[in-house]
Chemist: 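Got a structure here, written out as C-alpha coordinates. Questions coming.
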Amino acid sequence: EERSYLPTLGGEYPLSLGIMDDELVVFCEDVFYSIAGFGETSFAMRKISDGLRFICPHSPITTQGMVIFASDQGIMAYFGGGGNGFRSLMARSYRNQWIEDLAANTAAFQGGIATDDRVFGDYVFAPDTTTTIQYRLYYRPMVEDGEHEPWIHIDRRTRRDRTIGQLFFP
(Lines give C-alpha, C1' and ligand atoms only; values in the text may rest on other atoms or scores of the structure.)
Protein backbone atom coordinates (compact mmCIF):
# COMPACT_ATOMS: atom_id res chain seq x y z
CA GLU A 1 0.00 0.00 0.00
CA GLU A 2 1.46 3.32 -1.06
CA ARG A 3 1.03 6.10 1.47
CA SER A 4 0.91 9.80 0.82
CA TYR A 5 1.01 10.62 4.53
CA LEU A 6 3.32 10.23 7.50
CA PRO A 7 2.62 6.92 9.28
CA THR A 8 1.73 7.63 12.91
CA LEU A 9 2.23 5.27 15.84
CA GLY A 10 -1.41 4.18 15.76
CA GLY A 11 -1.87 4.36 12.00
CA GLU A 12 -4.13 7.45 12.13
CA TYR A 13 -4.29 9.87 9.23
CA PRO A 14 -2.74 13.28 9.95
CA LEU A 15 -5.20 16.12 9.36
CA SER A 16 -2.97 19.10 10.07
CA LEU A 17 0.41 20.16 11.45
CA GLY A 18 1.58 22.80 13.88
CA ILE A 19 4.99 23.97 15.08
CA MET A 20 5.84 24.54 18.74
CA ASP A 21 9.48 25.47 19.37
CA ASP A 22 11.41 22.38 18.22
CA GLU A 23 8.34 20.12 18.04
CA LEU A 24 6.25 19.30 15.01
CA VAL A 25 2.70 18.74 16.28
CA VAL A 26 0.70 16.22 14.23
CA PHE A 27 -3.06 16.65 14.56
CA CYS A 28 -5.11 13.48 13.93
CA GLU A 29 -8.82 13.20 14.62
CA ASP A 30 -8.62 11.48 18.03
CA VAL A 31 -4.97 11.79 18.99
CA PHE A 32 -2.09 14.26 18.71
CA TYR A 33 1.60 13.44 18.28
CA SER A 34 4.80 15.36 18.75
CA ILE A 35 7.82 14.76 16.54
CA ALA A 36 11.14 16.08 17.75
CA GLY A 37 14.78 15.38 17.07
CA PHE A 38 18.02 16.88 15.93
CA GLY A 39 19.25 14.69 13.13
CA GLU A 40 18.33 12.06 10.63
CA THR A 41 18.46 9.21 13.15
CA SER A 42 17.26 10.98 16.30
CA PHE A 43 13.69 11.89 15.36
CA ALA A 44 11.08 10.43 17.70
CA MET A 45 7.29 10.49 17.56
CA ARG A 46 5.32 10.42 20.79
CA LYS A 47 1.64 10.56 21.61
CA ILE A 48 0.76 13.72 23.52
CA SER A 49 -3.03 13.61 23.93
CA ASP A 50 -5.93 11.45 24.89
CA GLY A 51 -9.61 12.31 25.01
CA LEU A 52 -9.38 15.47 22.90
CA ARG A 53 -10.77 15.49 19.35
CA PHE A 54 -9.39 17.70 16.61
CA ILE A 55 -12.21 19.11 14.46
CA CYS A 56 -10.80 21.48 11.84
CA PRO A 57 -7.67 21.09 9.69
CA HIS A 58 -7.49 24.85 9.00
CA SER A 59 -7.59 25.93 12.63
CA PRO A 60 -4.02 25.52 14.02
CA ILE A 61 -2.17 28.82 14.34
CA THR A 62 1.26 29.14 15.96
CA THR A 63 1.61 32.44 17.78
CA GLN A 64 3.12 33.88 20.95
CA GLY A 65 4.60 30.60 22.20
CA MET A 66 1.53 28.42 21.67
CA VAL A 67 -0.36 26.53 18.99
CA ILE A 68 -4.05 27.49 19.11
CA PHE A 69 -6.58 25.14 17.49
CA ALA A 70 -10.25 24.13 17.42
CA SER A 71 -11.25 20.97 19.28
CA ASP A 72 -14.46 19.29 20.35
CA GLN A 73 -14.00 20.94 23.77
CA GLY A 74 -13.52 24.48 22.48
CA ILE A 75 -10.54 26.49 21.40
CA MET A 76 -7.42 25.01 22.94
CA ALA A 77 -3.74 25.91 23.13
CA TYR A 78 -0.71 23.66 23.16
CA PHE A 79 2.28 25.14 24.97
CA GLY A 80 4.71 22.26 24.33
CA GLY A 81 6.06 19.68 26.69
CA GLY A 82 3.77 16.75 25.86
CA GLY A 83 0.34 15.95 27.27
CA ASN A 84 0.53 18.48 30.12
CA GLY A 85 0.98 21.29 27.63
CA PHE A 86 -2.71 21.53 26.59
CA ARG A 87 -5.03 24.18 28.02
CA SER A 88 -8.52 25.35 27.19
CA LEU A 89 -8.70 29.02 26.22
CA MET A 90 -12.43 29.23 26.86
CA ALA A 91 -14.18 29.75 30.18
CA ARG A 92 -16.72 27.05 31.00
CA SER A 93 -19.75 29.06 29.84
CA TYR A 94 -18.16 29.77 26.46
CA ARG A 95 -16.96 26.18 26.20
CA ASN A 96 -20.50 24.90 26.80
CA GLN A 97 -21.84 27.25 24.09
CA TRP A 98 -19.07 26.04 21.73
CA ILE A 99 -20.05 22.41 22.32
CA GLU A 100 -23.72 23.21 21.60
CA ASP A 101 -22.83 25.20 18.45
CA LEU A 102 -20.53 22.41 17.27
CA ALA A 103 -23.24 19.77 17.75
CA ALA A 104 -25.71 21.90 15.76
CA ASN A 105 -23.23 22.81 12.97
CA THR A 106 -20.60 20.04 12.86
CA ALA A 107 -19.86 20.29 9.13
CA ALA A 108 -19.52 24.08 9.34
CA PHE A 109 -16.98 23.79 12.15
CA GLN A 110 -15.03 21.08 10.30
CA GLY A 111 -14.87 23.35 7.25
CA GLY A 112 -13.94 26.45 9.20
CA ILE A 113 -10.79 28.51 9.06
CA ALA A 114 -8.71 30.43 11.58
CA THR A 115 -6.41 33.38 11.37
CA ASP A 116 -4.12 35.26 13.72
CA ASP A 117 -4.67 39.02 13.78
CA ARG A 118 -1.28 39.96 15.19
CA VAL A 119 -2.04 43.68 15.15
CA PHE A 120 -4.82 43.29 17.72
CA GLY A 121 -3.68 39.99 19.24
CA ASP A 122 -6.77 38.02 18.17
CA TYR A 123 -7.17 34.38 17.22
CA VAL A 124 -10.24 34.33 14.98
CA PHE A 125 -12.08 31.11 14.17
CA ALA A 126 -14.85 31.29 11.60
CA PRO A 127 -16.93 28.21 10.89
CA ASP A 128 -17.82 27.69 7.24
CA THR A 129 -20.06 30.34 5.73
CA THR A 130 -23.25 28.42 6.48
CA THR A 131 -23.18 30.01 9.92
CA THR A 132 -22.92 33.62 11.04
CA ILE A 133 -20.64 33.02 14.02
CA GLN A 134 -17.06 34.08 14.58
CA TYR A 135 -15.14 33.25 17.73
CA ARG A 136 -12.52 35.88 18.62
CA LEU A 137 -10.01 35.24 21.39
CA TYR A 138 -8.05 38.34 22.31
CA TYR A 139 -4.90 36.67 23.65
CA ARG A 140 -2.71 39.76 24.17
CA PRO A 141 -3.69 40.26 27.88
CA MET A 142 -2.86 36.60 28.52
CA VAL A 143 0.53 36.85 26.82
CA GLU A 144 1.58 40.32 27.99
CA ASP A 145 -0.11 40.64 31.38
CA GLY A 146 -0.18 37.02 32.56
CA GLU A 147 -3.97 36.67 32.63
CA HIS A 148 -5.07 33.03 32.80
CA GLU A 149 -7.53 33.19 29.90
CA PRO A 150 -7.90 35.40 26.85
CA TRP A 151 -10.81 37.75 26.47
CA ILE A 152 -13.49 36.15 24.32
CA HIS A 153 -15.94 37.71 21.93
CA ILE A 154 -18.46 35.69 19.97
CA ASP A 155 -19.52 37.67 16.96
CA ARG A 156 -22.94 36.57 15.74
CA ARG A 157 -22.56 38.23 12.38
CA THR A 158 -25.51 39.34 10.31
CA ARG A 159 -23.68 40.80 7.33
CA ARG A 160 -23.38 37.41 5.59
CA ASP A 161 -20.01 38.36 4.18
CA ARG A 162 -17.15 35.91 4.31
CA THR A 163 -14.35 38.07 5.66
CA ILE A 164 -12.08 37.89 8.65
CA GLY A 165 -10.22 41.16 8.77
CA GLN A 166 -8.26 41.31 5.53
CA LEU A 167 -8.64 37.61 4.72
CA PHE A 168 -11.23 36.93 2.03
CA PHE A 169 -12.63 33.50 1.21
CA PRO A 170 -13.21 32.50 -2.42
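Hydrogens, waters and symmetry mates are skipped; everything else that's a heavy atom, side chains included, is used. Keep in mind the model is a prediction, meaning the values are calculated, not measured.
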Chemist: How far does CZ of Arg46 sit from CG of Leu9, to the nearest 0.5 angstrom?
Modeler: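 Here the rounded value is 11.5 Å.
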Chemist: Go through Tyr123 and Phe69 one step at a time and tell me if the ring pair (Phe, Tyr, Trp, His ring centres under 6.0 Å) criterion holds.
Modeler: CA-CA 9 Å; Tyr123 171 87; Phe69 61 95; 9.1 Å; no
Chemist: Using 0.5 Å steps for rounding, measure from the OG atom of Ser49 to the CE atom of Met76.
Modeler: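 Here the rounded value is 9.5 Å.
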Chemist: Check Leu17 against Pro60 and note the closest heavy-atom contact, atom names and distance.
Modeler: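 In terms of heavy atoms, the two residues are closest at O-CB, 4.1 Å.
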Chemist: Which is it for Val67 and Ile19 under the side chain to side chain contact (heavy atoms under 4.5 Å, CB included) test, yes or no, and what are the steps along the way?
Modeler: CA-CA 7 Å; Val67 180; Ile19 298 171; 6.0 Å; no
Chemist: Report yes if the distance between the aromatic ring centroids of Phe79 and Phe86 is under 6.0 Å, otherwise no.
Modeler: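 Here the rings of Phe86 and Phe79 have centres that are no less than 6.0 Å from each other.
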Chemist: Apply side-chain hydrogen bond (donor to acceptor under 3.5 Å, both in side chains) to Thr63 and list each qualifying residue two or more places apart in sequence or on a separate chain.
Modeler: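 Counting only residues at least two positions away or on another chain, Thr63 forms a side-chain hydrogen bond (donor to acceptor under 3.5 Å, both in side chains) with Asp116, Tyr139.
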Chemist: Treating Ser34 as the side-chain partner and Val25 as the backbone partner, does any N or O pair qualify as donor plus acceptor under 3.5 Å?
Modeler: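 No; judged by distance alone, with no hydrogens or angles, the pair does not exist.
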Chemist: Quick one: closest heavy-atom pair of Ala77 and Met66, and the distance?
Modeler: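 Distance-wise, the nearest heavy atoms are CB-SD, 4.1 Å.
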Chemist: Are Ser71 and Leu52 close enough, and set up right, to give a side chain to side chain contact (heavy atoms under 4.5 Å, CB included), and what steps lead you there?
Modeler: CA-CA 7 Å; Ser71 82; Leu52 192 61; 3.6 Å; yes
Chemist: Distance check, rounded to the nearest 0.5 Å: Gln110 atom CD versus Asn105 atom CG?
Modeler: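 One gets 11.0 Å once the value is rounded to the nearest 0.5 Å.
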Chemist: How would you list, by chain and number, every residue that makes a ring-ring contact (aromatic ring centres under 6.0 Å, His included) with Phe54, sequence neighbours excluded?
Modeler: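 Residues passing ring-ring contact (aromatic ring centres under 6.0 Å, His included) with Phe54: Phe27.
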Chemist: Given side chain to side chain contact (heavy atoms under 4.5 Å, CB included), test Asp101 with Tyr135 step by step and report yes or no.
Modeler: CA-CA 11 Å; Asp101 289 345; Tyr135 295 86; 2.5 Å; yes
Chemist: Side chain to side chain contact (heavy atoms under 4.5 Å, CB included), that's the test. Do Asp22 and Phe38 meet it? Break it down for me.
Modeler: CA-CA 9 Å; Asp22 60 351; Phe38 298 99; 3.2 Å; yes
Chemist: If a pair satisfies salt bridge (Lys or Arg N to Asp or Glu O under 4.0 Å) and one of its residues is in residues 53-66, list it, with sequence neighbours excluded.
Modeler: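 Matches after skipping sequence neighbours: Glu29-Arg53, Asp30-Arg53.
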Chemist: Between the side chain of Asp21 and the main-chain N/O of Glu23, is any donor-acceptor distance below 3.5 Å?
Modeler: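 Side chain of Asp21 to backbone of Glu23, a donor-acceptor pair under 3.5 Å: no, none is there.
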Chemist: Are the side chain of Tyr33 and the backbone of Pro14 linked by a donor-acceptor contact shorter than 3.5 Å?
Modeler: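 Pair absent, no side-chain N/O of Tyr33 close to backbone of Pro14.
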Chemist: Can you name the nearest heavy-atom pair linking Gly65 to Met20, along with the distance?
Modeler: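 Nearest pair, atom of Gly65 first, then Met20: O-CE, 3.2 Å.
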Chemist: Roughly how far, to the nearest 0.5 Å, is CG of Asp122 from CG of Asp117?
Modeler: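 One gets 5.5 Å once the value is rounded to the nearest 0.5 Å.
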Chemist: Answer yes or no: is there a side-chain heavy-atom contact under 4.5 Å between Tyr13 and Cys28?
Modeler: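 Sidechains of Cys28 and Tyr13: no contact.
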Chemist: How far does CD1 of Ile68 sit from CD1 of Ile61, to the nearest 0.5 angstrom?
Modeler: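 Interatomic distance, Ile68 CD1 to Ile61 CD1, rounded to 0.5 Å: 8.0 Å.
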Chemist: Do Arg95 and Ser88 touch side chain to side chain, with heavy atoms closer than 4.5 Å?
Modeler: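 Touching, per the 4.5 Å side-chain cut-off.
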Chemist: Restricting to non-hydrogen atoms, name the atom on Ser16 and the atom on Pro57 that form the minimum distance, rounded to 0.1 Å.
Modeler: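 Shortest heavy-atom separation between Ser16 and Pro57 comes out as OG-O, 2.9 Å.
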Chemist: Who are the side-chain contact (heavy atoms from CB on, under 4.5 Å) partners of Ile55, not counting sequence neighbours?
Modeler: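 Result, side-chain contact (heavy atoms from CB on, under 4.5 Å) vs Ile55: Ala70, Asp72, Trp98, Leu102, Phe109.
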Chemist: When rounded to the nearest 0.5 angstrom, what is the spacing between CD1 in Ile99 and OH in Tyr94?
Modeler: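 The OH atom of Tyr94 is 15.0 Å from CD1 of Ile99, to the nearest 0.5 Å.
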